[in-house]
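Just so you know, these numbers use all the heavy atoms, side chains as well, and skip hydrogens, waters and symmetry mates. Numbering of ligands and ligand atoms starts at 1, following listing order.
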Amino acid sequence: MTYSSLAGSEQVLKGINLCVAPASIQFLMGPSGSGKTTLLLILAGLLTPTSGEVCLLGQSLPKLSRREREKFRLQHIGFVAQDFNLFPALTVQENLDFVMKYKGLRGAAAQEQAQDLLTQVGLAGKEPYFPHQLSGGQKQRVAIARALVGSPDLIMADEPTASLDGDRGYEIAALLQQLSREKHCTVLVVTHDYRIQEIADRILYLNNGQATTEDMR
Ligand SMILES: Nc1ncnc2c1ncn2[C@@H]1O[C@H](COP(=O)(O)OP(=O)(O)OP(=O)(O)O)[C@@H](O)[C@H]1O
């Protein structure tokens, strides 16, 4: 992948070959500027690589139109961000409802799914709370529940523990691992956080645009 701008061009990823096993946890690690976010954006279909193939769940992403890619993303991928990305003016319940509606899920079944997800992330009873009334770890749990709406096949988590202290970070990582196993969902984690390494099945290290992988199991 090469970025071109007025300042010149920069080859950020060189000959990366990444194959992620279904229902596994894959970490993307590497120093700042090594291309982790670029790789995640490519895998999410948000950025088209200047060369190479991107195949996700059997679908070649560059072959889809922009609209088809958006639909594919909505159907198959859930996102978890470092800073939680919750809507501050909406309650926990409404944060989930919003995504439910966006994904076309309505009615009693949607309500039941929201309730189940909040229970699974340990937040039953927090439905009427606003994000500012929750701890960092609880906010990240809401973000994880929201990412799981509609049972996506893949969760992409960008530095999910970076805003949390050691114990809270580890709890969030353990929750991702537990949910990945229960729901047979693949989890892709961009992280600098070596404290949570033990949940990874495989780690791809990026350095100067090149990758090495380590199997952890
Ligand atoms: N839109 C863009 N246009 C031009 N260059 C870019 C663009 N986005 C990223 N880059 C460059 O690509 C390189 C990799 O950036 P990227 O954000 O993928 O790294 P990263 O590993 O995620 O870094 P960090 O850990 O600091 O978030 C950097 O040198 C950056 O300047």
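The main-chain N or O of Ala200 is found under 3.5 Å from a side-chain atom of Arg217 such that the two form a donor-acceptor pair. Using modelled atom types, one side-chain atom of Gln140 and one backbone atom of Ala81 make a donor-acceptor pair closer than 3.5 Å.
A side-chain donor from one of Thr161 and Asp193 sits under 3.5 Å from a side-chain acceptor of the other.
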For residues 38-64, which side-chain N or O atoms pair as donor and acceptor with protein atoms under 3.5 Å away, sequence neighbours left out?
{"residue": "Thr38", "atom": "OG1", "partner": "Tyr3", "partner atom": "OH", "Å": "2.8"}
{"residue": "Thr50", "atom": "OG1", "partner": "Thr2", "partner atom": "N", "Å": "2.9"}

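Around ligand 1 you find Tyr3, Glu10, Val12, Pro31, Ser32, Gly33, Ser34, Gly35, Lys36, Thr37, Thr38, His192, each with a heavy-atom distance below 4.0 Å.
With values rounded to the nearest 0.5 angstrom, Thr212 atom OG1 is found 7.5 Å from Tyr205 atom OH.
No path of Ile, Leu, Val, Met, Phe, Trp and Tyr side chains, each step under 4.5 Å between heavy atoms, connects Phe130 with Leu123, placing them in separate hydrophobic clusters.
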